[in-house]
Protein chains: 2
Amino acid sequence: MAEKTFLANKLKSAGLRMTPQRKLILSILDETSDHLDAEEVYRRAKKLNSKLNIATVYRTLNVLKEMDLIEQRYFARDHGVEYYETVTKGEHYHFTCLGCRKIIEVETPKIKQVQAEFAALTGAQFTHACVCFEGYCADCVDSEESFTL
Amino acid sequence: MAEKTFLANKLKSAGLRMTPQRKLILSILDETSDHLDAEEVYRRAKKLNSKLNIATVYRTLNVLKEMDLIEQRYFARDHGVEYYETVTKGEHYHFTCLGCRKIIEVETPKIKQVQAEFAALTGAQFTHACVCFEGYCADCVDSEESFTL
DNA sequence: ATATTAATTGCAATCCATTCGCAATAAGTG
DNA sequence: CACTTATTGCGAATGGATTGCAATTAATAT
Ligand SMILES: [Mn+2]
Ligand SMILES: [Mn+2]
Ligand SMILES: [Zn+2]
Ligand SMILES: [Zn+2]
């Protein structure tokens with residue numbers, strides 16, 4: 001039951017209102033481990049609220065991001081599309097395979113270390129880091145090799 | 001004199017032609033240590049070739065990037081605009097100050113270490129990494145503090 | 001419960017960085 | 001110089017994301 005009111009409370013303390021659309025959109029991201037772009041969130045949400053509008057999805061994703069309930073990510077070299085995931089998973093980064101487009105999550109303390117070192121050195125304060133790796137996963141490296149042999 | 005032909009040779013071996021536009025656009029990035037977006041490259045180049053077109057700038061930046069003569073970067077959380085710099089500087093990453101918009105270059109071996117570890121662990125091959133940090137530089141942290149006191 | 005008020009939604013129009021189609025131009029070869 | 005084909009300039013198009021606005025609805029006070 002604290003569950004039920006968590007979003008509502010967060011919204012209220014920001015002077016915002018709880019709406020079915022916001023609840024729905026957050027639940028979609030909470031219930032998947034995928035990384036979804038706005039279109040995909042819209043597609044999934046629309047099945048449960050057929051008159052939902054894509055503009056509401058964009059606005060809601062921005063609200064949820066501002067409230068630190070979801071994280072916005074970019075993948076691969078072309079950062080033309082934004083993807084989202086809940087913050088419930090711990091700190092991690094992403095590797096995108098250019099062969100099969102699969103996304104592999106990378107856990108490492110080294111990024112935070114870089115930030116700590118730079119902060120100590122310069123006095124800067126970090127608020128955010130965008131880290132995306134790109135290349136070929138083991139499977140795709142193997143099949144490439146059998147091609148080029 | 002090897003200078004003069006370096007770009008031409010690289011182009012030729014890719015089946016591409018040397019043009020005044022390409023020479024001009026590369027020279028602009030070679031002669032600055034700033035990170036320029038396409039508009040700014042265009043602005044500067046147009047002073048020297050008034051009939052240059054922005055589409056040519058975009059096409060040329062892509063050609064130069066493909067040939068590994070320049071690097072494409074994203075800065076700060078909003079990756080809506082692409083920036084470019086020459087590859088003559090060594091491997092480095094970027095910190096963007098949200099206060100004064102200044103960009104500070106960060107040198108560290110840790111990013112490559114992350115890649116090496118992940119490659120050893122999974123067999124993946126890396127082709128590219130996009131790493132951008134964001135926060136407040138020491139100057140802006142200081143002036144923020146004097147505000148909130 | 002009901003009225004009140006301001007936040008939110010749906011919809012369409014708009015933004016804006018980047019790309020694309022195409023005819024005219026120009027680079028490279030011999 | 002002539003020929004082939006890459007490249008340019010120009011305008012139109014793209015596509016993800018945002019915005020203006022009138023209608024709706026959530027939250028609060030009565
Ligand atoms: Mn993830
Ligand atoms: Mn740089
Ligand atoms: Zn793969
Ligand atoms: Zn600053």
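So you know, we letter chains A, B, ... as the sequences are listed, proteins then strands, and number each from 1. The figures here come from the full heavy-atom set of this structure, side chains too, leaving out hydrogens, waters and symmetry mates.
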(message) With a 4.5 Å cut-off on side-chain heavy atoms, are B:Lys110 and A:Glu117 touching?
(response) yes
(message) Between C1' on D:dG15 and OH on A:Tyr42, what's the gap in Å once rounded to a whole number?
(response) 16 Å
(message) Once hydrogens and angles are ignored, does a donor-acceptor distance under 3.5 Å link the base of D:dT5 to the side chain of B:Arg17?
(response) yes
(message) I want to confirm an ordering. Mapping A:Leu11 and B:Lys12 to their closest nucleotides on DNA chain C, which one lands closer to the 5' end?
(response) A:Leu11
(request) Could you tell me whether B:Phe133 and A:Phe118 have their ring centroids closer than 6.0 angstrom? (result) no
(request) Mind listing the closest non-hydrogen atom pair of B:Glu91 and B:Thr108 along with its distance? (result) OE2-O, 3.5 Å
(message) Rounding to an integer number of Å, can you tell me how far A:Asp78 CG sits from D:dG15 C1'?
(response) 11 Å
(message) Below 4.0 angstrom, which residues in residues 53-76 of chain B have at least one non-hydrogen atom near DNA chain D?
(response) B:Asn53, B:Ala55, B:Thr56, B:Arg59
(message) Judged by each residue's nearest nucleotide on DNA chain D, which is more toward the 5′ side, A:Ala38 or B:Lys51?
(response) B:Lys51
(message) Rounded to whole Å, how long is the line connecting atom CZ of A:Arg43 with atom C1' of D:dG16?
(response) 13 Å
(message) Considering every strand and a 4.0 Å limit on heavy-atom distances, what is the contact class for B:Glu82: base, sugar-phosphate, or nothing?
(response) sugar-phosphate
(message) Out of the candidates A:Val87, A:Thr86, A:Leu7, only one should pair with A:Leu69 under the side-chain contact (heavy atoms from CB on, under 4.5 Å) rule; please name it.
(response) A:Leu7
(message) If you compare every side-chain N and O of B:Gln21 against the phosphate oxygens of D:dG9 (OP1, OP2), does one of them come in below 4.0 Å?
(response) yes
(request) Give a yes or no answer on whether the side chain of B:Gln125 reaches the backbone of A:Gly135 with a donor-acceptor pair at less than 3.5 Å. (result) no
(request) Round to the nearest Å and state the distance from B:Asn49 atom CG to D:dG9 atom C1'. (result) 11 Å
(request) Provide, to the nearest angstrom, the distance between the CD atom belonging to B:Glu39 and the P atom belonging to C:dT19. (result) 13 Å
(request) Could you state the atom-to-atom distance from CG of A:Asp37 to C1' of D:dT18 in whole Å? (result) 16 Å
(request) Please find out if less than 6.0 Å separates the ring center of B:Phe126 from that of A:Phe95. (result) yes
(request) Evaluate the ring planes of B:Tyr74 and A:His79, with Trp represented by its six-membered ring, and classify them as parallel (under 30°), tilted (30 to 60°) or perpendicular (over 60°). (result) parallel
(message) Output the rounded distance in Å from CG (B:Leu24) to P (C:dA26).
(response) 16 Å
(request) Write down the distance between CE (A:Met18) and P (C:dT9), rounded to a whole number of angstrom. (result) 12 Å
(message) Does D:dT25 have OP1 or OP2 under 4.0 Å away from a side-chain N or O of A:Thr19?
(response) no
